[in-house]
Amino acid sequence: GNSVTQMEGPVTLSEEAFLTINCTYTATGYPSLFWYVQYPGEGLQLLLKATKADDKGSNKGFEATYRKETTSFHLEKGSVQVSDSAVYFCALTRNTGGFKTIFGAGTRLFVKA
Amino acid sequence: EPEVTQTPSHQVTQMGQEVILRCVPISNHLYFYWYRQILGQKVEFLVSFYNNEISEKSEIFDDQFSVERPDGSNFTLKIRSTKLEDSAMYFCASSERMETQYFGPGTRLLVL
């Protein structure tokens, strides 16, 4: 079946540190891949996406590249800020008749000043 | 920028009571979804809806759940007889075509 596995948190970094959150997926065919972010007390916001192999999604300094050969979609940011503290969800969407999104467990990021 | 809205933001109910969670999807979107997130756990798919019918549902979405698009703008999730384990954050989402779903802020449901 389709599934998403992401690194367990929490991840604690100092401001301006480099961030990597690993994400791998299992899916038949060609899913679309997403990163969503959930700030404390808020809903899910789409952070970035990639819809085919080798696509790079980017937004607000975050990047992730769709790697079909390693079935991965790792999230990176060169210099994190305190305001990036949130839970990050890797997700995929497949056409299973209804385009449901399957989420990873989420990785909580704490950024210290 | 258009966004998905949900009401209420919080709902407290007694076990066995019916609740209706409301969502207003983005206006030109055609696909609608409900997800839930039990506290501290992952976001789980409940149901997808297209062309006025359910296109897919998960095993969570049993006979106690129903969805409806009663007019051109609202999309509702009804839980007929709530159980303690229905306590969760419920997210509505919509999409214009296939992949990219936009989520509302959620309704936090607490069943006592």
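As a basis for the values below, the full set of heavy atoms in this structure was taken, side chains included, without hydrogen atoms, waters or symmetry mates. Remember, predicted model here, so these are calculated numbers, not experimental data. Below, chain A is the first sequence line, B the second, and so on; all start at residue 1.
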Check whether more than 12 heavy atoms from other residues, nucleotides or ligands sit under 6.0 Å from atom CZ of B:Arg69, and answer yes or no. yes
Of all heavy-atom pairs between B:Lys42 and A:Val4, which one has the smallest distance, and what is that distance? NZ-O, 4.4 Å
State the NZ-NZ distance between B:Lys57 and A:Lys100, to the nearest 0.5 angstrom. 13.0 Å
For atom NZ of B:Lys83, decide whether the heavy atoms of other residues, nucleotides or ligands shown that lie under 6.0 angstrom number more than 12. yes
Given heavy-atom pairs under 4.5 angstrom as the criterion, report whether the side chain, backbone, both or neither of B:Phe91 touches chain A. side chain
Do you know which two heavy atoms are closest between B:Tyr35 and A:Thr101, and how far apart they sit? OH-N, 2.8 Å
Are side-chain heavy atoms of A:Ile102 and B:Phe45 found at a separation under 4.5 Å? no
Got more than 12 heavy atoms from elsewhere within 6.0 Å of CG, B:Asp62? yes
Residues, nucleotides or ligands: over 12 heavy atoms within 6.0 Å of A:Lys112 NZ: no
Given heavy-atom pairs under 4.5 angstrom as the criterion, report whether the side chain, backbone, both or neither of B:Gln37 touches chain A. side chain
Part of A:Gln45 within contact of chain B (heavy atom distance under 4.5 Å): neither
Contacting moiety of A:Leu44, where chain B heavy atoms sit under 4.5 Å: both
Transitive ILVMFWY side-chain link A:Leu13 to A:Val37, under 4.5 Å: yes
Within a 6.0 Å radius of atom CG on B:Leu39, are there more than 12 heavy atoms belonging to other residues, nucleotides or ligands? no
